[in-house]
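The sequence lines fix the lettering, A, B, ..., with proteins before strands; numbering per chain opens at 1.
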Amino acid sequence: MLHVRLLFLLIASFKVAAILDDSAFFSMLDRLKPSFWRAKGYREMDDHISGEEDEGIDWDTEDELEIQNTVTSSCSTLVTRNAEAIISKEESSSSAGPSNSNLVQHFLGMGFSNKLVTKAIKENVEGDTESILETLLTLSALDNSPEEQSSCDLNSHQKQQCVDDDEFSSDYDESFLVDFSESDSWSDDEITENGDSHPTILCLASMGYTMEEAMAATERCGPDASIEELTDIIYAAQMAKTDAIFFEEEKPKNSCVMNRKQKRKMFELEAWKKKKQKGPVTDADEVIRLPNPMIGYGVPSESSVITHRTLPDAAIGPPFFYYENVALAPKGVWETISRFLYDIEPEFVDSKYFCAAARKRGYVHNLPINNRFPILPLPPRTINDALPLTKKWWPPWDKRTKLNCLQTVYGSARLTDRIRKALEKWGDDPPLHVQKFVIEQCRKWNLVWVGKNKVATLEPDEVETLLGFPRNHTRGGGISRTDRYKSLGNSFQVDTVAYHLSVLKDVFPNGINVLSLFSGIGGAEVALDRLRIPLKNVVSVEISEVNRDIVRSWWEQTKQKGNLIHLSDIQHVNGDTLERYIVSFGGFDLVVGGSPCNNLTGGNRVSRDGLEGEHSALFYDYFRILDLVKCIMSRQN
DNA sequence: TGAAAGATGAATAGGTTA
DNA sequence: TAACCTATTCATCTTTCA
């Protein structure tokens, strides 16, 4: 078996891209973003479960069992050793001459040691970066030749002794997910008798995944699965790990597995080379632009409608899924979301084409897009039609016909009082600067005219109506006015979502099984109900007790015939949970949800951190669960 | 103690103009 | 084409008040 492992060492020593399809390779590696691995520690399972949820569930999933029996591969030690060199402060003081300092720093930043960089530069006097890079790769391979791996290869016992030192661990903040496995029981039996292994497994191993990971993923997805699919599965399994694993991560590492940082380094290295070869990234390559007008594949009120699109192969097949978030997210966010959700192009739609309030959102889904229909009657699409009592008092110099986005916070009574007093000074024709001030405040806080010189904030029930919910949907049950605004502000615009989901009515005439993630106040459930699509089984995952109560109350008041199951924390939803429901229901027909936008929205002045943000990172749980559902369901079919 | 009010800009896109 | 202007944004934190 030794020669097989030597092969791994060689593979890891050279460009992985050479043995992979470029797009698959970069797609896979690009997913390994820092935020991806910076998920918060998982807490104990304490999901609140109602309905038919059973007690005494065995939370150890088959997936986890597979993972927990995984082992570490010695092949990735190569990169580990390089990475150790990266963070050596002593080494970081370059000995190269001043003229090369930028070059040295550049390669140091890639993760090569100062020693190797200096040597490579000396060997390439012309200073050609491409040549230096090639030399560095070669030197890295030699520097990590099998002879130098004495403490880290050959058998599992010895591998245990290959411990990442403190310096290494401290530098790699993503490393808490490094150990996919806790045991280290890789036996040579897991390589085929003749010493060969499936090429895909070799590729995965060369990327730093353990052989067990690679084999488990291959087993689950079949031998013909793409590298991208396999890495997705491995990731999903990783994310399904419980906190016990994370606590283990705080201990000194006994693994030689290439960690996320190292994988990222590899990606950066390859990406830099690719960039050099192709030149600067162009808009056409990567940037997702918002459409103008923002009508997606079409809205009821517009004549130009796209009725056909081609989905990526990985996106085809059950379940249907529907993901939502704010359109105006920081740059790169939608590219990442799209990349994770099977490279489906987002559909950006402004709900101002459905109702009287703007709501610019992006939707990634694999639903059909032909034969959509809206909920009837169509909701009013102007402020005056939606709020007819305001028409009488609307001054001619306020040209608004649409409200801006319905937010989670609203203007105060004191503000509207100040506006009234400012206007009363001037009679019917306030000067332009006063008009400008008033209009600015009205736009900012969505104020409407309710009397002479009187503006007012929207009432919660008016917000409910504008968003397509039943009046008083969020009222009562102990919820404050402030929390009503907050829950509503975080919700779907029902008519918009229903228009997209309407295609499911013919597909599931007898009802639908729904996995609703980040349910909130039940926008998806209300949309399906308003479409008259029977809700057979709904597993609703929502962290807020107040919101869960709202949905439960709606469920009872609308006399739903199906089953509603509530789970609280999406981070506790694992493969076993999902498999139980899938077996019980015969599968989920729709996975729907919009993950938190807190760290994406422009209104957040404190922590607009993108998908790395504390809340918005939960997008990866949406992907994790969706991918698990797809995998479990495909395994059952 | 909980609810409401007030203070806190930047990122981004689109339009206009020189 | 670049510079400038305008408009928009599923928010967070601290203070005030009843």
Would you call the rings of Phe585(A) and Tyr581(A) parallel, tilted or perpendicular if under 30° counts as parallel and over 60° as perpendicular?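 It falls in the parallel class, under 30°.
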Should Asn547(A) and Glu545(A) be marked as a side-chain hydrogen bond (donor to acceptor under 3.5 Å, both in side chains) after you check the CA-CA gap, both sets of side-chain angles, and the distance that decides it? CA-CA 5 Å; Asn547(A) 286 346; Glu545(A) 185 179 359; over 6 Å; no
Distance in angstrom units between [X] [atom1] and [N] [atom2], rounded:
{"X": "Glu614(A)", "N": "dA11(C)", "atom1": "CD", "atom2": "C1'", "answer": "13 Å"}
{"X": "Lys486(A)", "N": "dG2(B)", "atom1": "NZ", "atom2": "P", "answer": "14 Å"}
{"X": "Phe348(A)", "N": "dT8(C)", "atom1": "CZ", "atom2": "P", "answer": "20 Å"}
{"X": "Arg414(A)", "N": "dA3(B)", "atom1": "CZ", "atom2": "P", "answer": "17 Å"}
{"X": "Arg605(A)", "N": "dA10(B)", "atom1": "CZ", "atom2": "C1'", "answer": "9 Å"}
{"X": "Arg361(A)", "N": "dC10(C)", "atom1": "CZ", "atom2": "C1'", "answer": "5 Å"}
{"X": "Lys360(A)", "N": "dC10(C)", "atom1": "NZ", "atom2": "C1'", "answer": "12 Å"}
{"X": "Trp445(A)", "N": "dT8(B)", "atom1": "CH2", "atom2": "P", "answer": "13 Å"}

Interatomic distance at P, dT9(C) relative to dT8(B), whole Å: 22 Å
Between dC10(C) and dG14(B), how far apart are the two P atoms, rounded to whole Å?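 Straight-line distance between the two P atoms is 15 Å.
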Assign [X] to base, sugar-phosphate, or nothing according to its heavy-atom contacts below 4.0 angstrom with the strands shown.
{"X": "Asn490(A)", "answer": "base"}
{"X": "Cys405(A)", "answer": "sugar-phosphate"}
{"X": "Lys331(A)", "answer": "sugar-phosphate"}
{"X": "Leu290(A)", "answer": "sugar-phosphate"}
{"X": "Thr457(A)", "answer": "nothing"}
{"X": "Asn292(A)", "answer": "sugar-phosphate"}
{"X": "Glu440(A)", "answer": "nothing"}

salt_bridge(Asp417(A), Lys421(A)) N-O dist < 4.0 Å: yes
Under the ring pair (Phe, Tyr, Trp, His ring centres under 6.0 Å) rule, what do Tyr322(A) and His500(A) come out as? Steps first, then yes or no, please. CA-CA 9 Å; Tyr322(A) 188 81; His500(A) 297 157; 5.8 Å; yes
Using the side-chain heavy atoms of [X], tell me which of these nucleotides is nearest: [options].
{"X": "Ser607(A)", "options": "dT12(C), dA5(B), dA3(B)", "answer": "dT12(C)"}
{"X": "Asn325(A)", "options": "dC10(C), dG6(B), dT12(C)", "answer": "dC10(C)"}
{"X": "Val606(A)", "options": "dT9(C), dC13(C), dA11(B)", "answer": "dC13(C)"}
{"X": "Gln407(A)", "options": "dC10(C), dA4(B), dT8(C)", "answer": "dC10(C)"}
{"X": "Arg608(A)", "options": "dA11(C), dA3(B), dA11(B)", "answer": "dA11(B)"}

Taking a pair as Watson-Crick or G-U wobble with both distances under 3.5 Å, which nucleotide is matched to dG9(B)? none
Any strand is fair game: report the nucleotide pairing with dC10(C) by Watson-Crick or G-U wobble, both distances under 3.5 Å, or none.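 Pairing partner, where one exists within any strand: none, as none qualifies.
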For Phe348(A) and Tyr363(A), I'd like to know if the aromatic rings sit close, meaning centre-to-centre distance below 6.0 Å.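 Between Phe348(A) and Tyr363(A), the centre distance exceeds or equals 6.0 Å.
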Aromatic contact between Trp426(A) and Trp397(A), with the criterion being ring centroids under 6.0 Å apart: yes or no?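 No - the distance between ring centres of Trp426(A) and Trp397(A) does not fall below the 6.0 Å cut-off.
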Nearest-nucleotide wise, let me know which of Arg481(A) and Thr601(A) is further upstream toward the 5' end of DNA chain B. Arg481(A)
Mapping Gly602(A) and Gly411(A) onto DNA chain B by nearest heavy atom, which one lands closer to the 5' end?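 It is Gly411(A), whose closest nucleotide lies nearer the 5' terminus.
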DNA chain C: Leu328(A) or Lys436(A), which has the more 5' nearest nucleotide? Lys436(A)
Please confirm whether the shortest side-chain N or O distance from [X] to OP1 or OP2 of [N] is below 4.0 Å.
{"X": "Ser412(A)", "N": "dG6(B)", "value": "yes"}
{"X": "Asn598(A)", "N": "dT12(C)", "value": "yes"}
{"X": "Asn404(A)", "N": "dT9(C)", "value": "yes"}

Is the NZ or CZ atom of Lys630(A) positioned over Tyr342(A)'s six-membered ring, under 6.0 angstrom from the centre and within 45° of the axis?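 Positive - Lys630(A) is close enough to the ring of Tyr342(A) and near enough to its axis.
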